[in-house]
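Within every chain, numbering begins at 1; the chains are lettered A, B, ... in the order of the sequence lines, protein sequences first and strands thereafter.
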2 protein chains.
Amino acid sequence: MATISDIARHANVSKTTVSRVLNGRPDVDRATAERIRQVVAELGYVPSASARALVNGRAKCVGLLIPSLDLAWVLPLVEGVADLVEAREHTLTLHTIARGQESLAAISAQVNARVIDGLIAVVPRGLETWLRGFVERGLPIALIDDQDLVPSVPRIWATDQVGGLDAGRHLVALGRMPAAAITGPLDSIGGRARLDGFRRALAEASMPFDPSLVREGDWTIASGWDGMRALLATHPELRAVFAANDLMAIGAMRAIVDSGRRVPDDIAVVGYDDIPFAAQMIPALTTIRQPLADMARAAAAAVLDALAGQPWEPGPHLFETSLVVRESCGAAATTSRLTERR
Amino acid sequence: MATISDIARHANVSKTTVSRVLNGRPDVDRATAERIRQVVAELGYVPSASARALVNGRAKCVGLLIPSLDLAWVLPLVEGVADLVEAREHTLTLHTIARGQESLAAISAQVNARVIDGLIAVVPRGLETWLRGFVERGLPIALIDDQDLVPSVPRIWATDQVGGLDAGRHLVALGRMPAAAITGPLDSIGGRARLDGFRRALAEASMPFDPSLVREGDWTIASGWDGMRALLATHPELRAVFAANDLMAIGAMRAIVDSGRRVPDDIAVVGYDDIPFAAQMIPALTTIRQPLADMARAAAAAVLDALAGQPWEPGPHLFETSLVVRESCGAAATTSRLTERR
DNA sequence: CTGTTAGCGCATTCAC
DNA sequence: GTGAATGCGCTAACAG
């Protein structure tokens with residue numbers, strides 16, 4: 001492997017000059033610069049990332065921390081982040097907390113060893129302490145969908161309450177009452193906001209709100225299934241259900257079918273997130289779309305900007321949700337299905 | 001940030017000695033070692049990764065190259081790799097070829113800059129040249145599901161033909177004839193092998209093989225949908241279809257439903273891969289399971305072992321496929337559904 | 001415009 | 001058992 005010294009020797013200049021043209025400094029003679037570039041190309045020279053990292057104090061690398069890849073809604077996030085990080089010529093490292101504390105310790109080690117310059121985190125509860133530690137050490141961080149637990153960093157968020165509202169309104173407009181809700185954990189901001197929105201939609205329509213029509217889930221398919229089964233048992237007259245994420249909606253759909261009912265004929269379901277598979281379900285899932293990839297790009301941009309020395313913008317960055325009407329509520333625009341699949 | 005010098009000073013020893021205990025060398029006095037460890041803990045010292053990388057020539061980092069995160073079957077692969085890489089105390093960088101040549105160039109740059117010590121690649125066609133280049137530069141590589149295009153590296157594979165055979169046998173046993181097939185690209189080894197297995201199953205049962213019952217897809221949902229529509233148009237008497245991957249199977253299911261038929265009542269479908277969502281489809285998809293996560297771990301192990309100086313085992317590593325019976329063929333073990341969902 | 005000197009943080013000879 | 005010196009490949013003063 002060629003080093004900067006090799007280039008310097010072959011081009012009859014000092015390492016410094018080579019370094020200058022490598023970093024695009026203007027104060028180099030056109031001719032020498034060209035000659036150096038020539039040699040660089042001939043020898044196929046590429047500067048050592050570790051040497052640069054050592055001297056610059058930056059590895060040009062950002063980490064992405066996610067709870068797990070099992071959660072389908074993280075995929076658009078990973079894609080969005082990967083996209084921007086690569087475009088800005090940084091490396092992306094992937095970290096999950098699949099192995100619990102052990103994983104956290106590993107990530108913490110990476111941070112301390114300065115292998116990553118910044119972190120984009122999709123925060124599960126219970127990570128605040130670690131994250132705060134990182135912030136204190138001066139690590140640029142952006143949080144996606146967080147719990148407001150780590151203040152003074154950029155937080156990327158979507159309009160949860162509006163989302164719940166739109167979901168509820170859709171069901172109301174379709175006359176699918178009574179409608180139940182399977183919520184996210186109610187000790188999470190997002191979980192509460194989505195439910196609040198839903199309740200507001202009912203209130204708008206002067207529909208009574210029945211607490212027994214609400215089941216608290218934990219974002220998993222299994223909890224959606226459980227919640228729906230319970231709901232169906234106690235409220236056989238149900239006409240619709242709003243699940244606070246698509247995973248739970250999928251679980252709910254299964255429970256509905258298992259009970260011998262049909263979607264959407266007997267029960268309408270609207271989900272939340274618009275994960276890639278929502279459009280592939282049969283019937284295709286009507287859902288509240290979060291612009292996950294855009295949110296991810298915003299998060300990545302925040303830490304990348306910070307690393308580039310640009311103004312740091314702590315606080316919430318809000319993104320808009322939107323209702324995606326498909327088949328699971330019986331109000332499908334049939335043609336759209338085809339479009340989505342090609 | 002504390003450096004090794006700080007530790008040395010605080011512990012009244014030389015940097016050399018600190019380095020020794022840090023790297024677990026035996027030739028250090030018990031007491032001094034203990035004292036040093038003490039100081040390290042107190043100051044929360046963590047060695048700089050870049051400094052180490054520079055002097056060791058290794059960054060303790062391996063890259064994972066995948067075509068895209070949109071392909072659901074890569075998820076278990078990413079998980080498997082992430083799992084093992086983390087366990088072996090390395091960093092995992094993620095690379096997609098979402099932006100085509102540009103992406104490749106970026107990855108190539110990373111390799112040349114020595115940010116990664118090894119590479120695990122899920123090889124789409126068209127990458128052979130790049131990959132060969134990496135191999136020539138001495139980069140440890142493992143290939144998952146490759147096309148046999150890069151010889152002399154470990155290649156992780158599953159028993160494609162057996163998979164196709166099992167799928168065909170299942171349909172034969174169920175009496176679901178005539179059965180069609182939507183294949184992968186027939187210029188890929190895997191695509192051909194799965195079809196060959198399927199044909200063998202028909203031959204075993206002395207069923208005639210009708211070429212018009214075979215449609216070539218490209219692994220995408222859209223191609224599964226297209227293929228199924230064409231099949232249905234020309235062969236309305238169809239009773240079953242074998243799709244060479246789950247994505248195409250999902251597309252096929254949609255086409256079947258769009259045509260007014262039902263799965264599995266009218267047409268049985270069996271897929272291939274067992275992606276996470278296969279079990280969540282309604283009806284749940286019967287499929288040929290590839291132990292994707294295990295395969296990924298094997299790939300990761302191969303490059304990690306190579307990096308650890310252990311024997312390099314080029315050539316194919318074969319994994320076994322297995323039939324997972326769910327609902328889409330009408331032969332469901334009903335209880336299993338619940339188990340899978342919890 | 002260019003080269004000399006120094007040092008980033010660590011591991012590794014080689015002495016002692 | 002321990003330490004002083006040297007260098008990994010690169011960038012950053014500081015001179016000229």
**Message:** Please check if the number of heavy atoms outside A:Glu128 that lie under 6.0 Å from its CD is greater than 12.
**Reply:** yes
**Request:** Confirm from the modelled atom types if A:Thr16 and D:dT11 form a donor-acceptor pair under 3.5 Å, side chain to base only.
**Result:** no
**Asked** In whole Å, what is the span from the NZ atom of B:Lys15 to the P atom of D:dG1?
**Response** 23 Å
**Any A:Ser48 side-chain nitrogen or oxygen under 4.0 Å from OP1 or OP2 of D:dG9** = no
**Prompt:** If you pin B:Val28 and B:Arg114 to their nearest nucleotides in DNA chain D, which one's is more 5'?
**Reply:** B:Val28
**Message:** Please determine whether the number of non-hydrogen atoms from other residues, nucleotides or ligands lying under 6.0 Å from atom CD of B:Glu89 exceeds 12.
**Reply:** no
**Request:** Would you mind classifying the nucleic acid contact of B:Asp27 as base, sugar-phosphate or nothing, using non-hydrogen atoms under 4.0 angstrom?
**Result:** base
**Prompt:** C:dG9 phosphate, OP1 or OP2: any side-chain N/O from B:Thr3 under 4.0 angstrom?
**Reply:** no
**Message:** Just the rounded figure in Å: distance from P of D:dT11 to CZ of A:Arg52.
**Reply:** 5 Å
**Asked** Given atom CE of A:Met1 and atom C1' of D:dG9, what is their separation to the nearest angstrom?
**Response** 13 Å
**Request:** Could you work out which one of D:dG9, D:dT2, C:dA11 sits closest to the side chain of B:Ser19?
**Result:** C:dA11
**Message:** Tell me the interatomic distance from B:Ile36, atom CD1, to D:dG3, atom C1', rounded to whole angstroms.
**Reply:** 12 Å
**Message:** For a quick check, tell me whether the side chain of A:Arg20 and the base of C:dG3 share a donor-acceptor pair closer than 3.5 Å.
**Reply:** yes
**Request:** Assign B:Val18 to base, sugar-phosphate, or nothing according to its heavy-atom contacts below 4.0 angstrom with the strands shown.
**Result:** nothing
**Message:** If you only use heavy atoms from C-beta on, which nucleotide in C:dG9, D:dC10, C:dA11 is closest to the side chain of A:Val55?
**Reply:** D:dC10
**Request:** Could you say whether B:Pro26 or B:Ala51 is positioned toward the 5' end of DNA chain D, judged by the nucleotide with the nearest heavy atom to each?
**Result:** B:Pro26
**Prompt:** Can you check the A:Asn23 CG to D:dC10 P distance for me, whole Å?
**Reply:** 11 Å
**Prompt:** Is the distance from OP1 or OP2 of D:dT2 to the nearest side-chain N or O of B:Thr32 less than 4.0 Å?
**Reply:** yes
**Request:** Let me know the distance between CZ of B:Arg30 and C1' of D:dT2, rounded to the nearest Å.
**Result:** 17 Å
**Asked** Would A:Asp29 and A:Arg20 pass as an ion pair if we require N to O under 4.0 Å?
**Response** no
**Request:** Calculate the interatomic distance between A:Arg25 atom CZ and D:dC14 atom C1'; express it in whole Å.
**Result:** 15 Å
**Prompt:** Considering residues, nucleotides and ligands other than A:Glu320, do more than 12 of their heavy atoms fall under 6.0 Å from its CD?
**Reply:** no
**Asked** Could you state the CZ-P distance from B:Arg9 to D:dG3, rounded to the nearest angstrom?
**Response** 14 Å
**Closest contact, heavy atoms only, B:Ala33 versus B:Val21** = CA-CG1, 4.2 Å
**Request:** Would you indicate, yes or no, if D:dC10 has its OP1 or OP2 atom less than 4.0 angstrom from a side-chain nitrogen or oxygen of A:Asn56?
**Result:** no
